[in-house]
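Worksheet: the structure to be examined is printed underneath.
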Amino acid sequence: MAFDSGAVSFRRFVVIGKSPSMIEQAQLDVLSENALRPTEAGVPEEVEYGWNGGRHILDREFSFDTNVYADALHIGMRIDTNRVPPEVKQAYLAVEEQAVAAGNPSGFISKGQKRDVRDVVRRKMDDDLRSGQYRRSKLFAVLWDLPSATLYAAVNPAAEEKLRELFERTFGLELAPVSAGTLAARLLEPRGRRRDIEDARPTRFVFGPEGEQQSPDYPWTSKLAETKDYLGNEFMLWLWHEADRHDGYVKIGEDEIAVMFDRSLDLDCAYGATGKTSLKSTGPTKMPEAAEALRTGKLPRKCGLTIESGGAQYTFSLAAESLAVSGLKLPDVPEAETPRVLFEERIGQLREFGRLLDRIYDQFLQQRAGAGWEGVTLGIRKWITGSRRVNSRPLELATAG
């Protein structure tokens with residue numbers, strides 16, 4: 001899914017190192033050098049990957065016209081898998097063994113003949129792979145925003161490792177995934193408050209199965225001491241509470257941002273005791289099942305959101321721990337004169353969206369790392385246990401376009 005049109009999905013990565021301020025021909029040349037060129041002679045590797053021009057799966061061209069938009073670079077990463085399906089391998093073995101056994105007086109195949117059959121099948125499979133019969137290609141969109149040293153990539157976890165390796169090999173720069181924990185450290189460190197997050201412990205919003213003294217352990221997050229990605233779950237709960245308490249608005253500095261939970265809500269038990277809840281509905285947070293999930297120790301892990309600020313409206317789904325965004329609908333661009341102008345406007349909107357999301361998260365962090373967090377927690381606990389206003393007035397948002 002490219003970034004130049006339609007809804008977009010991505011994870012964000014911070015570019016670590018001396019990032020260029022603008023794209024030059026040298027960067028385009030090194031992309032070409034590291035473009036994926038599928039093996040044409042010999043048996044290909046099971047997995048091959050490299051850069052792609054981004055327009056289609058066969059695109060190996062990199063130019064200012066097709067890849068550079070203002071101060072951003074739009075490319076693709078192509079990953080090919082070359083693997084004969086297990087069912088086909090088993091069929092080849094069965095056919096060959098049956099043919100050999102039919103030539104034996106006993107009607108059975110010997111151990112030595114089985115080894116020979118395996119060699120025949122291996123050569124047959126190699127021929128299939130050379131021909132490209134079982135080559136499967138997948139293209140991942142990549143957008144490098146140079147001013148913010150941020151890379152947006154529509155990668156799944158399996159492709160993320162390859163993206164980071166390829167980017168470092170190509171540009172000599174590292175990619176650090178943005179998550180709830182890493183973003184918290186980045187936002188608070190300039191204020192000298194990183195230690196507040198490093199020393200943080202999971203908040204207990206409801207009693208665990210073992211009573212008041214049990215702290216949630218967030219079984220879905222890493223057990224490493226420095227990982228604080230559970231902050232994303234607390235952030236999503238805080239946002240839900242704030243929007244419900246203030247009739248769908250969240251105060252961020254001098255601004256009021258409209259926030260609506262919509263379409264979907266996935267929750268999981270922070271104590272690993274009561275399982276998962278997945279709700280699909282208009283206004284899922286208003287459902288009785290959502291309130292019951294909170295009371296039994298579940299916290300949000302993914303939700304559908306619509307947020308509006310300054311007349312711009314964004315609809316998307318957000319994953320709590322990774323802060324991965326999926327299905328983001330950007331505001332319409334009125335009267336764009338050319339496709340290039342349209343894309344550059346969309347890149348600007350994507351930057352604004354990222355800044356807006358970070359501002360909301362930063363507002364949560366200021367409370368989470370502050371002395372008043374226990375008071376905020378107390379309010380959320382009361383809200384969970386019975387004071388929620390499930391019939392608050394519906395949020396009114398501007399209609400896109």
Side-chain angles (χ1 to χ4, degrees), residues 1 3 7-16 140-145 148-157 159-161 163-164 174-189 194 197-198 200 202-203 218 220-222 224 226-243 250 252 257 259-268 270 299-307 309 314-330 349-369:
M1 183 183 295
F3 288 89
V8 296
S9 300
F10 56 85
R11 278 205 68 179
R12 289 185 292 173
F13 298 82
V14 176
V15 180
I16 300 175
F140 299 90
V142 176
L143 182 69
W144 185 2
D145 180 24
S148 65
T150 300
L151 187 131
Y152 301 81
V155 291
N156 55 35
E160 179 184 320
E161 182 179 351
L163 173 67
R164 296 172 67 180
E174 294 183 30
L175 292 178
V178 172
S179 68
T182 62
L183 183 58
R186 287 183 60 217
L187 291 173
L188 291 177
E189 187 170 26
R194 178 167 179 162
I197 290 298
E198 291 177 345
T203 303
Y218 295 90
W220 54 82
T221 61
S222 171
L224 296 177
E226 65 271 18
T227 301
K228 304 293 181 180
D229 286 347
Y230 66 83
L231 289 170
N233 307 109
E234 296 188 4
F235 162 64
M236 202 167 279
L237 177 63
W238 170 87
L239 185 63
W240 179 355
H241 170 256
E242 289 295 299
V250 178
I252 307 295
I257 296 174
V259 176
M260 181 171 65
F261 285 74
D262 197 18
R263 304 178 311 282
S264 64
L265 177 65
D266 295 337
L267 306 100
D268 203 347
L299 288 180
R301 294 199 58 191
K302 187 176 182 180
C303 68
L305 287 169
T306 296
I307 59 178
S309 177
Y314 307 91
T315 300
F316 60 101
S317 292
L318 182 67
E321 302 96 62
S322 66
L323 300 181
V325 172
S326 56
L328 170 63
K329 296 180 181 179
L330 296 168
Q349 291 175 343
L350 187 60
R351 289 170 178 157
E352 286 300 320
F353 169 77
R355 284 193 283 264
L356 178 59
L357 187 61
D358 288 353
R359 285 185 64 202
I360 299 172
Y361 188 59
D362 190 39
Q363 182 70 27
F364 158 74
L365 290 175
Q366 291 180 47
Q367 295 187 28
R368 182 60 172 81

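Worth knowing before you read on, the calculation uses all heavy atoms, side chains too, and leaves out hydrogens, waters and symmetry mates. Everything numeric here is computed off the predicted structure, so don't read it as measured data.
D362 has no carboxylate O lying under 4.0 Å from a charged side-chain N of R355, or vice versa, which leaves the two without a salt bridge. Salt bridge annotation for R301-E321: present, with a cationic side-chain nitrogen under 4.0 angstrom from a carboxylate oxygen.
Applying the side chain to side chain contact (heavy atoms under 4.5 Å, CB included) criterion to A200, with sequence neighbours excluded, gives Y230, R368. Applying the side chain to side chain contact (heavy atoms under 4.5 Å, CB included) criterion to A320, with sequence neighbours excluded, gives N233, M236. Remark: Q367 pairs with W238, Q363, W373, V376 by the side chain to side chain contact (heavy atoms under 4.5 Å, CB included) rule, at least two apart or across chains. Annotation: ring pair (Phe, Tyr, Trp, His ring centres under 6.0 Å) contacts of Y361 (sequence neighbours excluded): F235, F364. Residues passing the ring pair (Phe, Tyr, Trp, His ring centres under 6.0 Å) test with F10 are Y152, sequence neighbours excluded. With sequence neighbours excluded, the residues forming a side chain to side chain contact (heavy atoms under 4.5 Å, CB included) with S322 are R11, A319, A324, listed by chain and number.
Scanning both residues, F316 and V325, for their nearest heavy atoms gives CB-CG1, 4.0 Å. Of all the heavy atoms in F13 and A153, the pair that sits closest is CE1-CB, 4.0 Å. Shown here for G304 and S317, the closest heavy-atom pair between the two residues is CA-OG, 4.0 Å. The minimum heavy-atom distance linking F140 with V155 is given by the pair CD2-CA, 3.8 Å. Across every non-hydrogen atom of T203 and Y218, the tightest pair is O-OH, 4.1 Å. Residues S9 and S326 approach most closely at OG-CA, 3.3 Å, considering heavy atoms.
A heavy-atom distance below 4.5 Å is not found between the side chains of R12 and P177. Put simply, the side chain of V259 does not reach to within 4.5 Å of the side chain of T306, judged on heavy atoms. By the 4.5 Å heavy-atom criterion applied to side chains, R351 and T150 are not counted as neighbours. Inter-residue side-chain proximity for T315 and R263 is flagged as met; some heavy-atom pair is nearer than 4.5 Å.
Atom CD of Q349 sits about 9.0 Å away from atom CG of L328, to the nearest 0.5 Å. With rounding to the nearest 0.5 angstrom, the CG atom of L323 is 6.5 Å from the CG atom of L357. Here the OG-CD1 distance, from S309 to I257, works out to 4.5 Å after rounding to the nearest 0.5 Å. The CG atom of L365 sits 12.0 Å away from the CD1 atom of I360 when rounded to the nearest 0.5 Å. Separation of atoms CG (L299) and CH2 (W220) is listed at 6.0 Å; rounding is to 0.5 Å. Distance CD/Q366 to CG/L188: 8.0 Å, rounded to 0.5 Å.
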**Asked** Can you list the steps and then say if D145 with L151 is a side-chain contact (heavy atoms from CB on, under 4.5 Å)?
**Response** CA-CA 6 Å; D145 180 24; L151 187 131; over 6 Å; no
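Between L239 and the choices L305, I307, L318, the side chain to side chain contact (heavy atoms under 4.5 Å, CB included) rule is met once, by L305.
Residues T221 and D229 have side chains that never bring a donor and an acceptor to within less than 3.5 angstrom of each other.
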